[in-house]
Structures are given as structure tokens and as C-alpha cells.
Amino acid sequence: MEDTKPEEANVEEQKDEENKICPEKMEEAKLKARYPHLGNKPGGSDLLRKRLQKGPKYFDSGDYNMAKAKIKNKQLPAAQTEKTGEITGDHIPTPQDLPQRKPSLVASKLAG
Amino acid sequence: MSVSFGGDEGGVNLTNFVCTSHHTADIISTVEFNHSGELLATGDKGGRVVIFQQETENKSQPQCRSEYNVYSTFQSHEPEFDYLKSLEIEEKINKIRWLPQKNAAQFLLSTNDKTIKLWKISERDKRPEGYNLKEEDGRYRDASTITTLRVPVFRPMDLMVEASPRRVFANAHTYHINSISVNSDNETYLSADDLRINLWHLEITDRSFNIVDIKPANMEELTEVITAAEFHPHQCNTFVYSSSKGTIRLCDMRASALCDKHSKLFEEPEDPSNRSFFSEIISSISDVKFSHNGRYMMTRDYLSVKIWDLNMENRPVETYQVHEYLRSKLCSLYENDCIFDKFECCWNGNDSVVMTGSYNNFFRMLDRTQRRDVTLEASRESCKPRQVLKPRRVCAGGKRKKDEISVDSLDFNKKILHTAWHPQENIIAVATTNNLYIFQEKVN
């Protein structure tokens, strides 16, 4: 047991050194500490697909019924964290998921 | 102290800008000067376009201040609903591009996420009067009271500026349009969404050619999206598009009808030991702009501005840090989504200075020839007449000096995403969230 301790300390020191040189890696460590379930591939298709969708998704009865039919005999999916979840066809929308309605248009202030 | 010259004689004094106009607006989403610089168009989140016109300079005034006043305002796009996907289509104007002027009227293209429109802006300063069958207010005259015939004449009237939609280019984009660019041939233009680029003819609205398609057969394999696209300013066969992975592809339309295969690929090699979770996200290019002379292009990624020589693909010729102090804040910037902010960039008329925005209502001007840069702030305080903008400094860490602001005090809600530079003069338009500032280099 005692033999491994100095080695561990060395590895940790090395990591600290690396992190000091690279602020990005320090920030990454911070992020991983806050969101342990975050995947390792940030630029992956999940993030991009979220970008592609952009904009409020309204309740769609077609999507809702399709999703219900699919998971009829399975448990409902657990609530996902903000960063990894996305509204897909399988997600059953609930009133809490729906975004607020936009305020109505007002005249442009630029025109005076 | 460097001497400042106006117009295209080169040499911009970066610390000599004063505010000439200031307007309050709804959230501004795009800003663009026309080819002469006389008109400045802004688009906003509510789908409106407001055009400003430069006041003709009073030669007797020693300071030659150029004020921009409201010239025309119109509703370009309305909110729509995609019933098939249950998605709202925002009316927010993503981009405005002016057409070069061919006659008395002005034309511009404005686009939201899905539809591009060609608008004609024309002036009316004469009105026909003296109709035989109608009164001046439009009511029809009783035919039995008409005993003589007269010829209607045009009489001067108060200037009226009218905007009318001439073309609507719809239903060609499945994904969200991020760019439009008018070709130098003045007949065609391109529109780019996240995965595809289409080529249109300005006269034809019922069809467009797809020239780039990067959609994978299986969406699970999606690795990058198109972030911006632009035609070359002189070569009508050449255009570039940038990606979320930090690459720029130059395509030649003479090579093939579908330009999926690039002619040139511009990419700076990355040091693998520096790679982190954030590397790809901050390398995503938010804007690409050709220089006016057509020899260079500029790209903006989250932390820097890069100038590329079109003849050299393996690395940029110049790299400028915009706000390097944010590198140690990437975790919080990821959490509050600021890391996905899309900053634009622009060249001045003679390509010697580039400009881009930052946070806290700061914007940066980077002089390529004099190797100097300055950080300025667009705020109410900077609007005071004849007051030159004061350079700002951000303190990254350690002891903060008297006039510096610390990174932690920066307001990340105050972002300058859109800026524009007059094509000939040293006049700049800077859009904060709700305000449009126009600054001019002060002539001593």
C-alpha cells in the first residue's frame, strides 16, 4: 500500500502542472466536476442536432401518440439533464416542457 | 501620435472615434451598409427592417459629422408556423444584403430562418394632380359635373420612401438560413443553412439549385454544420463556407454542379496536447468575410479573428486575440450558453483594419498595418457629443489597475454581435442588444 502512494502523488502533481499551463483543461475539469454524466464528445451529433432544431417546439399530438405507443410497456424515460437531453420524437411533452408564449409585437422603437 | 486620414487614404486613428448617431431599437439582429455607404440597414428580432440615410454633409461645418437618420422602416417578415413539424418559424431577420444600385431605386435581400425576400426601396417626391374623374382625395367625381378636360400634372410632394416586396424566395431550406450572399455577377445569390447551400437567380423564385449538401445519410453521423457562406467579391464562380469544426472550404462552381468536393480546404492544424472538451466548440467559425480586394478572407471563432491568404490553406497569415481572458472562464460560458454566441466581423474599406464585437458592450478594432489594436465601449456615456471614445482594458487576473475592468465584472448579457464598416469612410455602425451606435473618426 505504502509503495503506491508516492507514485499517485507524482501523477497528481503532473496533472496539476498540465492544468496550470492549460486554462482550458482546468475549465474542463471544473465542468466535469459539475456534470459527471457529460459525455466526452461535446461536438457530437447530439449537440449539433440540438442546434439544428433551435426554436420552441410545441405540443404535437402526432408525436405524443407515437411516443406513447412506442413505450406502452416500458417505464417512462427519466428526466434528463439540460445539457444531454433534447426534445426528440420519443420525448413525451408535458406542460412543464413547453416554453412560454412569445409576447405580442410592438412597434419598432428605432423608427421613433 | 499618428496622423489620421479620412476615407481611403489609409491610416485609421483607432483612438479618435466619436458618436454621431444613436438609436434605440428592439433586439437588433443584423446591420449592413449599402455599397455607397449612404444607407445603413438594420434588421431586428421582430422582423422589421429600418434603413438609415446619411445626412448630406454640411461643408461649412468644421467637423464633418455624418448623422444617420431614419429613412424607411417596414415589416419584412412575419412569424409563421410549420404545422408539419409543430415548430415556430421566427420572424427575426438573420441577414440583410444590399444589391449594387442599378437605377433610382435601392434593392436589398432580407432573410429569416426560412424565407428570403427581395425588397425595393424607392422614393416618391412627385404626385400627379388634376385628374378628371377623381377628386384630389380619391373620391370619384359625379360624371355629370365634368364639363372640361384637363391634363393631370406632376407636382412636388413631401418625400415618401416606399418599400415593396418584389420577390419571395421560399420553401428551399429545411434547416435554418444563416447566410445570404449576392454574387458579383449581380444576377445570382446564394443562401446557406446548417447543411445546405442553394444558388438562386434574383428573377426566379420557383426554383433554386442546390450547390452544397453536407447532410449525412444517417443523422447520427452528423459531425459538422455550415455556419456561414459568402461569394468572392470579384470571381463569380468562387464562394466559401465555414463550419462548426473550424474549417473553411472554397468551392469553384465551374468544377461541378454540386460543390460537395471543395477546391481548397483551409484549416489550422491543432496541437493535440492542447485539446480539451471546449476545443471544438470554440473553434466553430461564426462568420467569414472576404476582404474587399478579394485576396484574403477573415474568420471569427469564439476567441479570435484570423486572416487567411486564399493562396495558403494550411494556416492563417494573421491571428488576433479578441478576448483571450475568457479562456479561463469557458466552464461558466458553457453553462450560460455564451460559448455559442455568434460574433460577426468586418473589414474597413481598404482592408487595413478589422473589427469585431465582444461582451460588456465592448468591441475591438485591429489595425493590420500598424499592428495596433484597441478595445472600445458602445454605451450611453460614449454618446456625448465631441467626446472621443476612451480605450478600455480588461484585467485578466492579478492586481487590477485603476481604469481596468476585471473579467468577473464583465456583463455577458451585453454582447456586440453585429458591426459594420462604411465601405469608403471611417464610419462604423455598432449594434448592442437594443441600441444602434454610429461612430465616426473625428477629423481634427
Side-chain angles (χ1 to χ4, degrees), chain A residues 18-35 38-64 66 81-83 86-89 93 97-112, chain B residues 23-26 28 42 44 46-50 52 70 72-73 75 78-79 81 84-91 113 174-176 193-195 216 219-225 244-245 273-284 327-335 340 434-436:
Chain A
E18 264 176 37
N19 286 344
K20 275 193 195 114
I21 299 166
C22 188
E24 260 183 64
K25 292 226 170 95
M26 278 178 72
E27 292 297 299
E28 182 175 0
K30 245 192 250 175
L31 192 70
K32 293 254 162 82
R34 287 186 208 175
Y35 304 99
L38 208 53
N40 262 331
K41 250 192 128 262
S45 60
D46 276 351
L47 186 70
L48 288 178
R49 277 190 291 173
K50 194 172 169 195
R51 270 177 80 151
L52 289 183
Q53 194 185 292
K54 172 197 162 189
K57 170 116 179 108
Y58 290 91
F59 177 76
D60 186 316
S61 61
D63 281 352
Y64 178 70
M66 292 280 287
T81 61
E82 247 187 341
K83 288 294 161 192
E86 58 176 307
I87 310 292
T88 67
D97 289 342
L98 298 178
Q100 296 299 317
R101 280 183 64 83
K102 277 166 31 115
S104 42
L105 294 174
V106 291
S108 172
K109 295 181 220 145
L110 257 185
Chain B
H23 304 268
T24 309
D26 290 314
I28 300 170
T42 60
D44 69 21
R48 277 170 302 266
V49 171
V50 182
F52 299 87
V70 178
S72 171
T73 170
Q75 187 75 33
E78 299 276 0
F81 198 79
L84 188 64
K85 296 178 196 166
S86 297
L87 289 172
E88 199 173 57
I89 300 171
E90 265 194 298
E91 66 275 32
D113 283 339
T174 308
Y175 302 97
H176 301 293
D193 67 31
D194 293 311
L195 297 178
M219 284 299 270
E220 307 271 323
E221 290 161 25
L222 182 68
T223 54
E224 65 183 327
V225 294
S244 53
K245 271 182 146 177
S273 64
N274 280 338
R275 190 158 179 85
S276 77
F277 177 87
F278 304 108
S279 300
E280 193 174 300
I281 301 174
I282 63 171
S283 73
S284 175
R327 201 180 286 271
S328 50
K329 299 285 166 199
L330 292 176
C331 181
S332 1
L333 294 167
Y334 180 85
E335 288 181 295
F340 300 106
N434 285 105
N435 290 289
L436 178 72

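Each chain gets a letter, A, B and so on, in the order its sequence line appears, and its residues count up from 1.
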Among B/Thr174, B/Leu330, B/Ile282, who wins on heavy-atom pairs under 4.5 Å with chain A?
->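 Counting heavy-atom pairs under 4.5 Å, the top option is B/Leu330.
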
Nearest 0.5 Å, what's the CG-CD distance between A/Leu31 and B/Glu335?
->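 Those atoms lie 6.5 Å apart.
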
Report the distance from atom CZ of B/Arg327 to atom SG of A/Cys22, rounding to the nearest 0.5 Å.
->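 Between atom CZ of B/Arg327 and atom SG of A/Cys22 there are 7.5 Å.
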
Could you report the tightest heavy-atom contact between [X] and [Y], atom names first, then the distance?
{"X": "B/Ser244", "Y": "A/Leu48", "result": "OG-CD2, 4.0 Å"}
{"X": "B/Ser332", "Y": "A/Glu27", "result": "N-OE1, 4.3 Å"}
{"X": "A/Leu52", "Y": "B/Met219", "result": "CD1-CE, 3.5 Å"}

[X], part contacting chain A, at a heavy-atom distance under 4.5 Å:
{"X": "B/Ile89", "value": "neither"}
{"X": "B/Asp113", "value": "side chain"}
{"X": "B/Leu195", "value": "side chain"}
{"X": "B/Lys245", "value": "neither"}

Heavy-atom side-chain proximity of A/Glu24 to B/Ser279 below 4.5 angstrom = yes

Are the side chain of A/Glu28 and the backbone N or O of B/Ser276 linked by a donor-acceptor pair below 3.5 Å?
-> no

